[in-house]
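Once you've had a glance at the structure underneath, I'll fire off some questions.
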Amino acid sequence: MHRLTTLLFLLVWGMGYLMGQEEAHMTPSSAKTFTSTQTVKIEGRSYELDTEAGTLVLRDENDHPIADFGFTYYKGKISGDQPRPIMFAFNGGPLSASFWLHMGILGPKRIAINDPDLTPGPPYQIVNNEYALLDIADLVMIDPVGVGLSHPIGKAKWEDFWGVDQDVRAIGLFIKQFLIKEGRLNAPKFLLGESYGTFRNGYLMDHLQSKGISMNGVIMVSAVFDLQHLLFPYGDDLSYLVHFPTYAATHWYHQDDTGGRKKPLESYLKEVRDFTINEYAPAMIKGDALSMEDKKELARKLSVHSGLEEDFWLQANFRVTAGEFFQEYMRDEGKIVGRLDSRFTGNTLDLLSQTADHDPQSAAISPPYISAFLDYFYNDLGVDKKLSYTTSAGGRKGFKWDWRHQGNISWNAQATISTAPDMARCLNRNPNMKVLILNGYYDIATPFFGVEYTLDHMDLRPEIKENVIMKYYEAGHMMYTHKASMEKFRKDVSEFMLDMLK
């Protein structure tokens with residue numbers, strides 16, 4: 001009996017020891033928030049905003065802590081009996097922090113950029129953002145796990161958040177828990193994402209709806225829903241086709257117009273779309289069966305629209321990737337054009353290179369955005385300066401994105417990377433849902449013709465397709481660096497939101 005008691009004691013002690021060892025390897029939470037009052041002046045009226053920046057403890061479906069999840073929350077004063085709308089917004093990447101949208105167009109302050117040229121060095125100008133939407137809705141800027149202040153806690157690991165489905169699950173949990181915490185479940189709700197954030201939104205809007213949280217509207221900034229359009233995979237000509245109208249728009253922009261020879265951009269691009277669909281695409285389908293005479297004629301037309309030499313198109317077999325276009329277009333001048341915004345140009349380090357070595361737009365705006373945002377984040381919002389704000393997960397050790405998406409898997413294989421089916425399902429199940437898509441004509445990162453192609457192949461009923469609204473800007477991926485496009489952004493998005501709130 002004594003021996004049995006001793007064995008039981010050792011067993012219980014051993015289990016406790018192992019549990020203690022497991023607990024010792026758990027990452028504790030350090031979640032905290034910092035409050036301040038911010039103001040913004042919009043259309044001549046000042047708005048005071050209760051502001052909270054920091055992290056909250058994100059729990060999984062069983063209420064176990066899994067992350068300190070970063071956010072910045074701007075809350076306006078409530079007037080009347082109706083709850084103020086709330087917008088959740090994020091950038092893309094993956095995985096980028098939300099400071100681009102935060103200080104570009106959505107927050108109460110913005111960075112003044114010398115668009116489309118290099119912005120002079122510091123001190124950078126942080127100015128009132130008269131184009132914000134904070135007069136219409138409260139704003140929650142989201143930083144997914146891996147960027148901003150967000151990091152795993154408890155038993156969770158980075159890879160639990162780094163993937164198409166993992167990312168949507170975590171953001172969905174955050175939105176639900178944030179709405180509960182703030183008592184905002186019955187408030188009108190909007191999602192806004194940029195770049196990969198639009199790809200995320202395609203799935204997130206359906207995921208949230210399946211959990212009983214429906215959006216009033218979704219805003220997509222520089223959208224992509226079929227990622228294979230950006231990859232130029234072997235044997236797939238579609239990537240080349242959807243990029244071509246943006247190559248043509250780039251050439252239109254950089255052409256000398258002293259003689260007034262240019263057609264208006266929008267009418268010109270209608271011609272380019274028609275050429276791409278009715279001449280370029282059929283020729284690509286023919287492949288090697290295309291006659292030499294037809295090849296030369298196609299090369300001539302491609303050259304006229306793109307500015308690249310006929311021989312270059314022939315040598316490329318009519319397949320020019322985005323990176324090759326950046327490098328080739330101004331090669332004779334020793335320059336390259338921007339990927340995110342092809343109005344921007346920069347110097348090339350290697351005239352013999354097949355592809356560009358950097359993005360001039362990114363080089364022009366990254367230092368002012370990062371430096372000015374961090375100054376605002378720590379000094380104006382009062383965030384503890386001992387906390388490191390990570391702008392991109394790309395620099396984290398072991399960062400790797402899991403591109404598998406359950407919605408694309410059939411017969412144990414993934415044939416595509418797309419959230420268009422998720423978006424189509426959400427739109428079909430909720431005919432009140434509307435989506436606003438904002439496209440930059442000079443955006444070679446997520447070309448507008450690719451979005452148009454996706455929408456035309458989603459098998460949406462006509463009355464449902466009318467719920468997807470397309471707007472265009474004579475700027476690039478971050479159209480809000482361009483003054484006229486900032487004004488249009490404010491007009492287009494505010495009209496969309498107010499229409500959904502009627």
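When reading the values below, keep in mind they use all heavy atoms of this one structure, side chains included, and skip hydrogens, waters and symmetry mates.
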Item to check | Result of checking His405, His207, Gln209 against Asp422 for side-chain hydrogen bond (donor to acceptor under 3.5 Å, both in side chains) | outcome: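 Only one of His405, His207, Gln209 forms a side-chain hydrogen bond (donor to acceptor under 3.5 Å, both in side chains) with Asp422, namely His405.
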Item to check | Test side chain to side chain donor-acceptor pair (under 3.5 Å) applied to Ser214 and Asn430, step by step | outcome: CA-CA 9 Å; Ser214 183; Asn430 182 1; 3.0 Å; yes
Item to check | Residue from Phe232, Phe325, Phe449 passing ring pair (Phe, Tyr, Trp, His ring centres under 6.0 Å) with His243 | outcome: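 In the set Phe232, Phe325, Phe449, the residue that makes a ring pair (Phe, Tyr, Trp, His ring centres under 6.0 Å) with His243 is Phe232.
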Next on the checklist: According to side chain to side chain donor-acceptor pair (under 3.5 Å), who are the partners of Lys301, at least two apart in sequence or on a separate chain?
Outcome noted: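 Glu279.
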Next on the checklist: Looking at Trp162 and Lys157, would you say the former's side chain and the latter's main chain have a donor-acceptor pair under 3.5 Å?
Outcome noted: no
Item to check | ring-ring contact (aromatic ring centres under 6.0 Å, His included) between Tyr247 and Trp252, intermediate numbers included | outcome: CA-CA 9 Å; Tyr247 298 167; Trp252 180 94; over 10 Å; no
Item to check | Residue pair His229 / Tyr453, side-chain donor-acceptor N/O under 3.5 Å | outcome: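 His229 vs Tyr453: no donor-acceptor pair found between side chains.
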Next on the checklist: Could you check whether any side-chain N or O of Ser366 sits under 3.5 Å from a backbone N or O of Ser362, counting only pairs where one atom can act as donor and the other as acceptor?
Outcome noted: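 The answer is yes, because a donor-acceptor pair under 3.5 Å joins these two groups.
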Item to check | Carboxylate-amine/guanidinium contact Glu495 Lys491, below 4.0 Å | outcome: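 A salt bridge links Glu495 with Lys491.
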Next on the checklist: Checking ring pair (Phe, Tyr, Trp, His ring centres under 6.0 Å) between His102 and each of Tyr369, Phe377, Phe71, Tyr74, which is the one that passes?
Outcome noted: Tyr74
Checklist entry - Heavy-atom distance under 4.5 Å between the side chains of Gln354 and Gln327, does that happen here? => result no
Checklist entry - Would you say the side-chain atoms of Ser371 pair up with the backbone N or O of Pro367, donor to acceptor, closer than 3.5 Å? => result yes
Checklist entry - Does Glu328 pair with Arg331 as a salt bridge, N-O distance under 4.0 Å? => result yes
Item to check | Under-4.0 Å salt bridge between Glu463 and Arg461 | outcome: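 Looking at Arg461 together with Glu463, the answer is yes, because their closest N to O distance falls below 4.0 Å.
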Next on the checklist: Tell me which pairs pass ring-ring contact (aromatic ring centres under 6.0 Å, His included) where either residue lies in residues 269-306, with sequence neighbours left out.
Outcome noted: Phe244-Phe275, Phe244-Tyr280, Tyr268-His305, Phe275-His305
Item to check | Sidechain-backbone polar pair: Thr321 side chain, Glu324 backbone, donor-acceptor under 3.5 Å | outcome: yes
Item to check | Pair Gln406-Asp165, side-chain donor/acceptor within less than 3.5 Å | outcome: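 Short answer, no.
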Checklist entry - Looking at side-chain heavy atoms only, is the closest gap between Trp313 and Ser306 below 4.5 Å? => result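 The answer is yes; the side chains approach within 4.5 Å.
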Next on the checklist: Around atom CD of Glu309, are there more than 12 heavy atoms from other residues, nucleotides or ligands closer than 6.0 Å?
Outcome noted: no
Checklist entry - Are any of the side-chain heavy atoms of Gln166 and Glu159 separated by less than 4.5 Å? => result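 The answer is no; the side chains never approach within 4.5 Å.
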Checklist entry - Got Leu438 and Tyr473 here, is their nearest side-chain heavy-atom distance under 4.5 Å? => result yes
Checklist entry - Are there more than 12 heavy atoms of other residues, nucleotides or ligands under 6.0 Å from atom CG of Asp459? => result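 No, not enclosed.
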Next on the checklist: Let's go through Tyr442 and Tyr253 carefully: what are the C-alpha distance in whole Å and the side-chain angles of both, what is the deciding distance for ring-ring contact (aromatic ring centres under 6.0 Å, His included) to 0.1 Å, and is it a yes or a no?
Outcome noted: CA-CA 9 Å; Tyr442 306 119; Tyr253 176 83; 5.2 Å; yes
Item to check | Heavy-atom side-chain proximity of Asp167 to Pro144 below 4.5 angstrom | outcome: yes
Checklist entry - Can a cation-pi geometry be assigned to Arg200 and Phe90, taking NZ or CZ under 6.0 Å from the six-membered ring centre and within 45° of the ring axis? => result yes
Checklist entry - For the side chain of Asp443 and the backbone of Met478, is there at least one donor-acceptor N/O pair under 3.5 Å apart? => result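 Not at all, since once roles are kept as given, no pair shorter than 3.5 Å links the two residues.
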Next on the checklist: For Asp226 and Ser418, which I'm curious about, is there any donor-acceptor pair between the side chains at under 3.5 Å?
Outcome noted: yes
Item to check | Main-chain N/O of Gly163 paired with Asp402 side-chain donor or acceptor, under 3.5 Å | outcome: no
Checklist entry - Is a side-chain N or O of Asn278 found less than 3.5 angstrom from the main chain of Asp274, in a donor-acceptor match? => result yes
Checklist entry - Hey, does Arg404 have a side-chain heavy atom less than 4.5 Å from the side chain of Val164? => result no
Next on the checklist: Please enumerate all residues that pass side-chain contact (heavy atoms from CB on, under 4.5 Å) together with Ala97, with sequence neighbours excluded.
Outcome noted: Phe99, Asp143, Val147, Tyr389
Checklist entry - Do Asp117 and Asn114 have side chains that get closer than 4.5 Å, going by heavy atoms? => result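 Touching, per the 4.5 Å side-chain cut-off.
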Checklist entry - Less than 4.0 Å between a side-chain N and a carboxylate O, is that true for Asp115 and Arg343? => result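 Yes.
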Checklist entry - Is the cationic atom of Lys295 (NZ for Lys, CZ for Arg) positioned less than 6.0 Å from the six-membered ring centroid of Phe318 and within 45 degrees of its normal? => result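 Pair Lys295/Phe318 does not count as cation-pi.
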Item to check | Atom CD of Glu487 with >12 non-hydrogen neighbours under 6.0 angstrom | outcome: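 Counting neighbours around CD of Glu487, more than 12 heavy atoms of other residues, nucleotides or ligands fall under 6.0 Å, so yes.
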Checklist entry - Distance-only, no hydrogens or angles: does the Thr198 side chain make a donor-acceptor pair with backbone N or O of Met220 under 3.5 Å? => result no
Item to check | Check: Met479 and Ser222 side chains under 4.5 Å, non-hydrogen atoms | outcome: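 Answer yes - side chains close enough.
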Item to check | Side-chain (Asp294) to main-chain (Leu290) donor-acceptor, under 3.5 angstrom | outcome: no
Checklist entry - Do His254 side-chain atoms and Ser342 backbone N/O form a donor-acceptor pair below 3.5 Å? => result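 Flag set: sc His254 to bb Ser342 pair under 3.5 Å.
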